[in-house]
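Sequential numbering from 1 along the given sequence is applied to the chain's residues. These numbers come from a predicted model, not from an experiment.
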Amino acid sequence: MKEKIEALLKQVQQMQAQSADELESLRIKYLSKKGEITSLFGEFRNVAPEDKREIGQYLNELKNLAQQRIEELREQFEANKEAAEKQDLTRTPDPIDLGSRHPLSLVKEEIIDIFSRIGFTVEEGPEVEDDRHVFGMLNFAPEHPARDMQDTFFVEKEEGQQKPDDILLRTHTSSVQTRIMTTQKPPIRVLCPGRVYRNEAISARAHCFFHQVEGLYIDKNVSFADLRQALLYFAKEMFGPDTKIRLRPSYFPFTEPSAEMDISCNICGGTGCGFCKQTGWVEILGCGMVDPNVLESCGIDSKEYTGYAFGMGVERIANLKYRVKDLRLFSENDVRFLKQFEAC
C-alpha cells in the first residue's frame, strides 16, 4: 500500500489542468467518494496494526497535498479570468507611450483662461470665409493697399459651380468679430481663437498657417486706457508679475488709433540679450480702438459705442514661453519635440 501512496503522491505533485473542467475531473479522480485517494482510506482497515501509524500519516499527507494543489489551480484560474475580463481586447500588443498635450493647445487655453477672468467669452467661426467678413467690413476698400499686407489663399470656382468669386481662407480671426458684431448687440466682450492662413514661404520664422487669439470689447465709454489695463493684466499673468509693457504707434485698417505692444524680455529681464536683439523688449501683439467705420459697417452706432480690439499669434507666445526657435516644430509632429511637454 505504501507503494500506491508514493505513486499517487508523484501524480499529485505533477498535477496540471488547462481549464476549470479539467481541474474538476482531477478532483473527482482523486478526492470524490470513488476517487483513488478515498479508496486507499477504505483499504486502510486491512493494514497490519504495527504499520497503521506510518501508513496513516502518508495517507493524510497525500490527501492534504491533493486538496492544496487543487485549490492552488482553482485560484490561478480565477485570477486569470479576472485579468481577462479587465483586458482591453482592442489594444495593440505593443507598448503604447502616453501622449502629451500640444504646446500650442497649452498656450491657447492659458490665454483664454486669463482673459476669461475679466469677462471674455470664446466665439469661433468658419475657416473658409468670404471677402466681406474678412476684409470688406473691416475697412479694407477693394483697392486698399492694406490688402497687400496679407497674401491670401483664394478658393477657385470650378467650371459649372455657382460658388461666389470671393471665397477665401481667412487671414485673421477678425472675421469672427465681424460676424459677432452683426449678430449680437453691445456690450460685446469676446475672444476669437483659431487657425488662419497666409500664402507665405515656410521657414523657421514663418508658416502658411498659424494660430491667433483675437479679442474684442465694445460698450459705452470704452477707452484706450481700458485696453492698456487689460493687456497689462494679461502680460503679468502670462509672463510673470515683473513684466512691463509698452505701446508703440502703428497702423491697422480696422483700428484707430492703433498700436503694437511689447513686453520686457522675459529671458534677460529687460537688460538686453540676443533674443530681444539687445533692446530689452519683445513684440507680442497688435491692438487699437475699433475704427468707427467698422462699427457702422456692422450695424453698431459709433456715436453711442466705442471698443477696442487686439490680436496675437499663439506661436509667438509659445516661442516666448517655451523658447522654441523654429515655428516648423509646432506642425511636424516630431515625437521627440512633443515629449518635452508631457509635464506641462
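Counting all heavy atoms, side chain and backbone alike, A318 lies closest to F330 at CB-CZ, 3.7 Å. Of all heavy-atom pairs spanning S174 and E214, the tightest one is OG-OE1, 2.5 Å. Between L216 and V290, the shortest heavy-atom distance links the atoms CD1-CG2, 3.7 Å. Heavy atoms only, all atoms of each residue included: S175 and V134 are closest at CB-CG2, 3.9 Å. The two atoms that bring I70 and L31 nearest to each other are CD1-CD1, 3.7 Å, heavy atoms only. Nearest heavy atoms, E296 versus S302: OE2-OG, 2.6 Å.
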CA sep, side-chain torsions, deciding dist, call: I111, M312, side chain to side chain contact (heavy atoms under 4.5 Å, CB included): CA-CA 10 Å; I111 295 171; M312 67 190 80; 3.9 Å; yes

Trace of the side chain to side chain contact (heavy atoms under 4.5 Å, CB included) decision for M289 with T255: CA-CA 5 Å; M289 301 299 294; T255 54; 5.8 Å; no

Side chain to side chain contact (heavy atoms under 4.5 Å, CB included) assessment of F209 paired with L169: CA-CA 10 Å; F209 71 87; L169 300 182; over 6 Å; no

Audit row: L138, H172, side chain to side chain contact (heavy atoms under 4.5 Å, CB included) steps and yes/no: CA-CA 11 Å; L138 289 171; H172 47 200; 3.7 Å; yes

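Between F252 and F254, the ring-plane angle classifies as parallel under the 30° and 60° cut-offs. Using a 30° and 60° split on the angle between ring planes, F120 and F310 fall in the perpendicular class, above 60°.
With a 6.0 Å radius and a threshold of 12 heavy atoms from other residues, nucleotides or ligands, R336 has its CZ atom at or below the threshold. Under a cut-off of 6.0 angstrom, the local environment of CZ in R205 is sparse, with at most 12 non-hydrogen atoms contributed by other residues, nucleotides or ligands. The number of heavy atoms from other shown groups lying within 6.0 Å of NZ (K236) is above 12. Other residues, nucleotides and ligands place more than 12 heavy atoms under 6.0 Å from the CG atom of D301.
Taking 4.5 Å as the limit, some side-chain heavy atom of R246 sits within range of a side-chain heavy atom of W281. At a threshold of 4.5 Å between non-hydrogen side-chain atoms, the residues V196 and T171 do not count as touching. Residues F337 and P103 have side chains in contact (heavy-atom distance under 4.5 Å, counting atoms from C-beta outward). When side chains are defined from C-beta on, I263 counts as touching I245, because their heavy atoms get closer than 4.5 Å. Using a 4.5 Å cut-off on side-chain heavy atoms (C-beta onward), R170 and Q212 make no contact. The closest side-chain heavy-atom distance from Q67 to E71 is not below 4.5 Å. Looking only at side-chain heavy atoms (C-beta outward), Q16 and E22 stay at 4.5 Å or farther from each other. Residues H207 and E315 are not in side-chain contact: their nearest non-hydrogen atoms beyond the backbone lie 4.5 Å or more apart.
A continuous path of Ile, Leu, Val, Met, Phe, Trp and Tyr side chains, each step under 4.5 Å between heavy atoms, connects I317 with Y233, placing both in one hydrophobic cluster. L191 and L285 fall within a single hydrophobic cluster, where Ile, Leu, Val, Met, Phe, Trp and Tyr are joined by side-chain heavy atoms under 4.5 Å apart, directly or via other members. Hydrophobic cluster membership is shared by I284 and M238, with clusters built from Ile, Leu, Val, Met, Phe, Trp and Tyr side chains linked at under 4.5 angstrom. Taken together through direct or relayed side-chain contacts under 4.5 Å among Ile, Leu, Val, Met, Phe, Trp and Tyr, F210 and V282 form parts of separate hydrophobic clusters. The cluster map of Ile, Leu, Val, Met, Phe, Trp and Tyr, joined by side-chain heavy atoms under 4.5 Å apart, puts Y197 and V128 in the same cluster.
Note: R189 CZ to S116 OG = 11.5 Å, rounded to the nearest 0.5 Å. One finds the CE atom of M181 at 7.0 Å from the OG atom of S297 (value rounded to the nearest 0.5 Å). One distance of note links SG of C298 with CD1 of I188; it measures 8.5 Å at 0.5 Å rounding. Of the inter-residue distances, the one linking E332 atom CD with L327 atom CG reads 10.5 Å to the nearest 0.5 angstrom. Atom CD of E237 and atom CD of E110 lie 9.0 Å apart (nearest 0.5 Å). Expressed to the nearest 0.5 Å, how far CD of E304 lies from CG of D219 amounts to 9.5 Å.
Within the 3.5 Å criterion, the main-chain N or O of F154 finds no donor-acceptor partner in the side chain of T152. In this structure a side-chain-to-backbone donor-acceptor pair under 3.5 Å is missing from T173 to G194. The closest donor-acceptor contact from the side chain of N64 to the backbone of E61 lies at 3.5 Å or more, if one exists at all. Put simply, the side chain of E260 never gets that close to the backbone of S250: no donor and acceptor are under 3.5 Å apart.
Taking the six-membered ring wherever Trp is involved, the centroid distance between the rings of F234 and F115 falls below 6.0 Å.
Comment: D262 engages R248 in a salt bridge, judged by a side-chain N to carboxylate O separation of less than 4.0 angstrom. The pair D130-R132 does not count as a salt bridge, with every side-chain nitrogen at least 4.0 angstrom from each carboxylate oxygen. For E283 and R316, the salt-bridge test fails: no basic side-chain N is under 4.0 Å from an acidic carboxylate O.
Each of E124, E129, E123 was checked for a salt bridge (charged side-chain N to carboxylate O under 4.0 Å, His left out) with R179, and the lone residue meeting it is E129.
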